[in-house]
Visitor: 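Handing you this structure, nothing more for now.
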2 protein chains.
Amino acid sequence: MTVTLADVAARAQVSPATVSRVLNGNYPVAASTRERVLRAVDELDYVLNGPASALAAATSDLVGILVNDIADPFFGIMASAIQSEVSGPGGRAGGERLAVVCNTGGSPERELTYLTLLQRQRAAAVVLTGGAVENPAHLAAVSAKLRRLADAGTRVVLCGRPPAPDTSAIALTFDNRGGGQELTEHLIGLGHRRLGYIAGPEERTTTRHRLEGHRAALAVHGIEEDPRWTVYGRYDRRSGYEATLELLRRDPSLTAVVAANDSVAIGACAALRESGRRIPDDVSVAGFDDLPFSVDAWPSLTTVRLPLAEAGARAGRIAMGREEPPPGGIATARGELMVRGSSGVPRK
Amino acid sequence: MTVTLADVAARAQVSPATVSRVLNGNYPVAASTRERVLRAVDELDYVLNGPASALAAATSDLVGILVNDIADPFFGIMASAIQSEVSGPGGRAGGERLAVVCNTGGSPERELTYLTLLQRQRAAAVVLTGGAVENPAHLAAVSAKLRRLADAGTRVVLCGRPPAPDTSAIALTFDNRGGGQELTEHLIGLGHRRLGYIAGPEERTTTRHRLEGHRAALAVHGIEEDPRWTVYGRYDRRSGYEATLELLRRDPSLTAVVAANDSVAIGACAALRESGRRIPDDVSVAGFDDLPFSVDAWPSLTTVRLPLAEAGARAGRIAMGREEPPPGGIATARGELMVRGSSGVPRK
DNA sequence: AGCGTTGCAGCAAGCGCTTTCTATACAGGG
DNA sequence: CCCTGTATAGAAAGCGCTTGCTGCAACGCT
C-alpha cells in the first residue's frame, strides 16, 4: 500500500542502501545515480518512514519546546524564535527538523509527561521555557528527567528559566531580579513611597525573582514594606484586574502598582480606571516583559524589556548545535527599563 | 546503555511479548504477572522506544496542530483547547498522545513542510487551524497532502478553517461573513455612513469572508463604498496602527473603523488617540474574535465573539475519534456580536 | 605489468517493538 | 479418565530503515 524505500530502490534500479544514502546525503553517490533515485522518489511520491528511520539511526528529527501557556505571547514569541532557528538557518521554510511546541499549562505533571513523551520519541533536543515551579520534589523529578534525556543524547536547553542543578542543561536566563529592582527604583525615584505589588503564582521562580528585586529596591531606599501591599495571582489580565481592586481595598492611598508582567499591568490599568483613578496622575503602573501590546496600551506601559526573541533564537541555535553554549553553561540576559506614559510623579 | 523491553522482560522473568502486552493493555495478562512486569518497569526506569513501537505497530501517538502564528492568542486559545482534549479526556494531566503545535508563520511552504514532516512521523491526527491561503496551487497541494495523510490513516480536522475540497477532512468553520455583516450593520444602525475597513492579508480566506460580510452590510443599507476606505495589512497591532493612519490620511471624515481582528483594532485605537480623536465620540472602532484582552482595552472593544475554545475542544475530540463528526463533515459556528464601549453614535 | 588507491554500490545485520500463531496448564463435562 | 475449552505465556517473523563491511571497477603509480 504505502511506498517504501525498497519500492523506490526497485524503480531506480539500485539497492535500498543507495536510496537511503541519497536521501541522507552523507555518503558519496554518483551524480547520475542520485538523479535517478530522486526521480523515482518524486514519481512514487515517496515519504520517508520517520519511525523506521529513527529506530535504525537511533536518532530522530523531533525537537520539543515546552511552554507554560501557549496563549501567552511571552511564550509565543520565544517559541516562534526557537522554531525558526530549529527549522533551518536563515529562515529556510521548513528544514528537516520537526520543531513542535508542547503546552504544559503550567502544570508540573504535564511538564513531566511531555518530557517523557519526548524522551520516548528520542527527541533530538528539548527546550524548556519560562519560570519553573519551585516545588523541590518536582524540581528533582525534572532534573532527573533532564539527566536521562541528556544521557540518551538529547540536547537540553533552558530558555528564560533558571539553571537545573545537577544537569548538563544549558541555561539562558533573564535577570528578573535586576529588572524588578531597576523598575521599582525608577518609581521610587519619581517620588513614590506606597507601592502595591501584584505578583504571579507564588511557587514560580519568575514570580519570586521579580518580587525580590522589587523588595530590594524598597530596602535600598529605606522604605518599609507593608505586607498588605503584595497580592499574589496569575500571570494574566484578569488576575491583575482583581488584584488591583484588592490592593485598593486594602490601601486606597497607594500611588503606584507594580505588576508581575504586562498582562497583569493591563488588567491593573483597567481596574484603576474603573475606580476613577487616572494613570499616571493618581496612580502609576508598571509591567514587565515589554510585550508588543504594551507600547500602545493606554497609557503606554512603563516596563522592563526582555530579549525574548533573541534568547529564543540563541536557545534554538544551541539546541541545534549551531552555536557554542555560554561558558559554564549559563548566560543571563539583562532586561532594559522602558519608561513610558504609565509612570509619573505622584501628585499627593 | 538504554533499557529495552527485553531488559524489562528479563528482570520480570517473562517474555518480551508479555511486557509489551502489559504496557499496551490489550491482551489478557494475569494480575500477578502484570504486577511483576510493572515493578520491573519501574525499577529499571524503562521508557518505551517510540519509533520502534510506531514502526512495529504502524501507528504513532503524535498529533500535530498547525497554527499560523503561535504568538497570536487567537491560535493559542484554539491550540490549547485542542491539546487538552487530545492529551486526555477530563483534562487528565498528559494522557498518552503527544499533542504538538507547529508554527507555520502563515507561510504556505512551511505549512506543506510541516504536513510532510507529520506524515513522515505517521501522525495519528492533524488539526489545521485558522484561515487558509487562497492560492489555487497551494490549496491543491494541501488537499493532495491531506488526502495522502487520510489514506495513511491519519485523521484530519480543520478548525476555524474552510473545508478542503476533494478531501475527507472534517471542517469546523466560523461564520466570518455573517459575523462581519452583523458587526457592520450594528455600526450602520448607530448612524455611521463613512466606515473605514482594515483587512488582513489579501490572500487569506478569513480576510475575504470578513470583508465580504462588511460589504454585504453596506450594500444592504445602500451605502456605496469608497475604495479608499479599505486598507489591507497583517493581523497584528502594528498593522492596525499604520493602516488607521493611512485611512485617516485618505479620508479624515471617517466616523468608524472596522478592523479585521481585535489586535488590529487595538492598533487602530492607538492611532486614533494619537491623532487626537476620541473613541467612540469622534470615531467608533470594532474588532473581531473577542480575544481576552478586548474586554478591557480602553475603551472596551465592540467585536464579534468566536467560540475558539469550544471549536478547538470539539476538533480535538473529533481528531481523537471521541466525537462523531458533524453530518456532511462540515459544521459552521456563528459569532456573537459583543457591543461595548468602542462603538457609539457618530457626532457629526 | 603489477598493485595499492579511490570511488561507488550492494549485502546483510540489526534497531526495539508488536502480533500472529502456537504451546502449555488447568478446569470441567461426558 | 480422556477430551474440549479457556486462560495465559512464549517463539518468531517481521515493520522500514541505516550502516559497517565487502566487492569490484577504473585509475594512476612505480
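Lettering of chains follows the sequences in order, A, B, ..., and the numbering in each one begins at 1.
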Visitor: Would you say that B/R155 contacts B/V126 through its side chain, given a criterion of any heavy-atom pair below 4.5 Å between the two side chains?
Guide: no
Visitor: For B/S15 and B/T18: C-alpha separation, side-chain torsions, deciding distance, then whether side chain to side chain donor-acceptor pair (under 3.5 Å) applies.
Guide: CA-CA 5 Å; B/S15 73; B/T18 302; 3.2 Å; yes
Visitor: Please give the angle, rounded to 10 degrees, between the axes at the start and the end of the helix from C/dA1-D/dT30 to C/dG30-D/dC1, where five pairs define each axis.
Guide: 50°
Visitor: Walk along DNA chain D from 5' to 3' and tell me the first and last nucleotide with an atom closer than 4.0 Å to a non-hydrogen atom of chain B.
Guide: D/dT8 to D/dG16
Visitor: With salt bridge (charged side-chain N to carboxylate O under 4.0 Å, His left out) as the rule and sequence neighbours excluded, what pairs involving residues 20-32 of chain B come up?
Guide: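 For residues 20-32 of chain B: none.
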Visitor: Using a 4.0 Å cut-off on heavy atoms, which residues in residues 39-61 of chain B reach DNA chain D? List them by number, or say none.
Guide: B/L55, B/A56
Visitor: For B/R122, give me all partners under salt bridge (Lys or Arg N to Asp or Glu O under 4.0 Å), at least two apart in sequence or on another chain.
Guide: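 B/R122 satisfies salt bridge (Lys or Arg N to Asp or Glu O under 4.0 Å) with no residue once adjacent residues are dropped.
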Visitor: Is there a side-chain contact between B/S20 and the phosphate of C/dT18, meaning an N or O under 4.0 Å from OP1 or OP2?
Guide: yes
Visitor: What protein N or O atoms touch nucleotides 20-26 of chain C N or O atoms at under 3.5 angstrom, if any, and at what distances?
Guide:
from, atom 1, to, atom 2, distance (Å)
C/dT20, O4, B/R21, NH1, 3.1

Visitor: Sorted by first residue and then second, give each side chain to side chain donor-acceptor pair (under 3.5 Å) pair with at least one member in residues 157-172 of chain B; sequence neighbours left out.
Guide: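 Only B/E111-B/R161 qualify under side chain to side chain donor-acceptor pair (under 3.5 Å).
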Visitor: Send over the distance from B/N26 CG to C/dT18 P, rounded to a whole Å.
Guide: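 Interatomic distance, CG of B/N26 to P of C/dT18: 9 Å.
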Visitor: Could you tell me which residues satisfy salt bridge (Lys or Arg N to Asp or Glu O under 4.0 Å) with B/D69, sequence neighbours excluded, listed by chain and number?
Guide: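 With neighbours one apart ignored, the set is empty.
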Visitor: Just how far is it from atom CG of B/L149 to atom CG of B/L128, taken to the nearest 0.5 Å?
Guide: 9.0 Å
Visitor: To check you understand the geometry: which heavy-atom pair defines the closest contact between A/I170 and A/P326, and what is its length?
Guide: CG2-CD, 3.7 Å
Visitor: Suppose the criterion is salt bridge (charged side-chain N to carboxylate O under 4.0 Å, His left out): which pairs have a residue in residues 128-147 of chain B, not counting sequence neighbours?
Guide: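 For residues 128-147 of chain B: B/E134-B/R208.
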Visitor: So, A/Q119 and B/N49: side-chain donor and acceptor under 3.5 Å apart, yes or no?
Guide: no
Visitor: Residues in side chain to side chain donor-acceptor pair (under 3.5 Å) with B/N135, at least two apart?
Guide: none
Visitor: The criterion is salt bridge (Lys or Arg N to Asp or Glu O under 4.0 Å); which residues satisfy it with B/E43, sequence neighbours excluded?
Guide: B/R11
Visitor: Once salt bridge (Lys or Arg N to Asp or Glu O under 4.0 Å) is applied, do any residues pair with B/D42, and if so which ones, sequence neighbours excluded?
Guide: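 With neighbours one apart ignored, the set is empty.
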